[in-house]
Amino acid sequence: LETYRGVMPIEIDKIIGSEGRYHDFTLAFYPRKEMLRSRWQSIDDAHHKDVILPPISVYKLSDYYFVRDGNHRVSVAKMQGVEFIDAEIVELDSQIRLEPGMTTRQLTKVVVGYERERVIEEYNLTDLIDMDIVKFSSPGMYAELINHIMVHKYYLNQNQSDEISFEDASVHWFREVFLPIFRQIKEDTLLEKFPGKTYGDLYMWIVRQWDELKQRNEHDST
């Protein structure tokens, strides 16, 4: 189960991961990409001007946290030496078993496995799509997968007299969106260039690049 704990300050040092933004930030939460640095700088300026920023959103697991939203704010806070940051907390229950001496990588794997089981169970995804190839390696990506399907469902329902079900939208998303990208990744042997990553990881990365390019082009045209 997930339990909403509300908003409260948490220790920056206990934030040990991010929900699928591995390609955007280093382990120290410093942005890898130049295009992210302007946003990072704007948040840094806001801190110096005492502008009140909204709390970040995190998963809590035992005594540690994974960022769901607010990676830039965490990055800035770390670089400024801030000890605490306000966070909206969702705590994951004890079904996720921790063992003494677990590394961050092992902990991440356990969290991802838990999220996969929950999403498959809640949405019956194995009856709809091939979950053997839809796999992720970072926390939060399974929730993002559901969001992708819901957005796809929204667009499918445009100009439709009858509402398309989540089940039908899932099948259509898998066939028309995921599989073409999966096949291209496989044909180009891209997975070999990203050890430890999955086809699902690269799918998410590619879709995010499309979104960023679209937003940049829209910005340049204004």
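This structure is a prediction, so every number in the text was calculated from the model and none was measured. This chain uses plain numbering: 1 for the first residue, then up along the sequence.
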Near-ring test Tyr203/His148, centroid separation under 6.0 angstrom
yes

Separation between OH of Tyr199 and CG of Asp132, rounded to the nearest 0.5 Å
12.5 Å

State, with a plain yes or no, whether a side-chain heavy atom of Phe178 is found less than 4.5 Å away from one of His152.
no

Look at the side-chain heavy atoms of Ile, Leu, Val, Met, Phe, Trp and Tyr, link any pair under 4.5 Å apart, and say whether Met131 and Val119 land in one connected group.
yes

Just so I know, are the side chains of Glu88 and Val7 near enough to count as touching, which here means a heavy-atom distance under 4.5 Å?
yes

Measure the spacing between CG of Asn147 and CE of Met141 and express it to the nearest 0.5 Å.
13.0 Å

Indicate, with yes or no, if Phe174 and Phe182 share a hydrophobic cluster defined by side-chain heavy-atom contacts under 4.5 Å among Ile, Leu, Val, Met, Phe, Trp and Tyr.
yes

Do Gln209 and Ile206 come close enough that some side-chain heavy atom pair is under 4.5 Å?
no

What is the distance from atom CG of Leu202 to atom CD of Gln184, rounded to the nearest 0.5 Å?
12.5 Å

Do we see a donor-acceptor contact under 3.5 Å between the side chains of Glu11 and Tyr65?
no

So do the side chains of Lys60 and Arg5 get within less than 4.5 Å of each other, counting heavy atoms only?
no

With a 4.5 Å cut-off on side-chain heavy atoms, are Ile15 and Ile85 touching?
yes

Sidechain-backbone polar pair: Asp201 side chain, Thr198 backbone, donor-acceptor under 3.5 Å:
yes

Using every non-hydrogen atom in the two residues, find where Lys197 and Ser138 come nearest and quote the distance to one decimal.
NZ-OG, 4.4 Å

Identify the heavy atoms of Ala87 and Ile10 that sit nearest to each other, and give their distance.
CB-CD1, 3.7 Å

Could you grab the distance from atom CD1 of Ile133 to atom CD1 of Ile185, nearest 0.5 Å is fine?
10.0 Å

Spell out, yes or no, whether Trp173 and Met150 are grouped together once hydrophobic residues are joined by side-chain heavy atoms under 4.5 Å, including indirect joins.
yes

Can you say whether the rings of Phe194 and Trp205 are parallel (under 30°), tilted (30 to 60°) or perpendicular (over 60°)?
tilted

Verify the neighbour count for atom CD of Glu192: are there more than 12 heavy atoms of other residues, nucleotides or ligands below 6.0 Å?
no

Angle between ring planes, Tyr142 versus Phe136, binned at 30° and 60°: parallel, tilted or perpendicular?
perpendicular

Quick check on side-chain hydrogen bond (donor to acceptor under 3.5 Å, both in side chains): which of Glu167, His172, Glu163 does Lys153 satisfy it with?
Glu163

Going by the rule ring pair (Phe, Tyr, Trp, His ring centres under 6.0 Å), which residues pair with Phe166 if we only count those two or more places apart in sequence or in a different chain?
Tyr123

Please check if the number of heavy atoms outside Gln160 that lie under 6.0 Å from its CD is greater than 12.
yes

Flag the pair Asp130 / Leu179 as yes when at least one side-chain heavy-atom distance between them is below 4.5 Å, and no otherwise.
no

For Ile129 and Ser170 the tightest heavy-atom approach is CG2-O, 3.6 Å

Side-chain contact, heavy-atom cut-off 4.5 Å: Leu156 with Asp168?
no

Are Trp210 and Leu190 linked, directly or through intermediate hydrophobic residues, by side-chain heavy-atom contacts shorter than 4.5 Å (ILVMFWY only)?
yes

dist Ile12:CD1 -> Lys14:NZ (nearest 0.5 Å) comes out at 12.5 Å

Please report the interatomic distance OH(Tyr64) to CG(Asp13), rounded to the nearest 0.5 Å.
10.5 Å

Does Phe84 belong to the same Ile/Leu/Val/Met/Phe/Trp/Tyr cluster as Val67, with side-chain heavy atoms less than 4.5 Å apart forming each link?
no

Neighbour count above 12 (heavy atom, 6.0 Å) for Tyr155 OH
no

Validation row: Leu145, Met204 side chains within 4.5 angstrom (heavy atoms)
yes

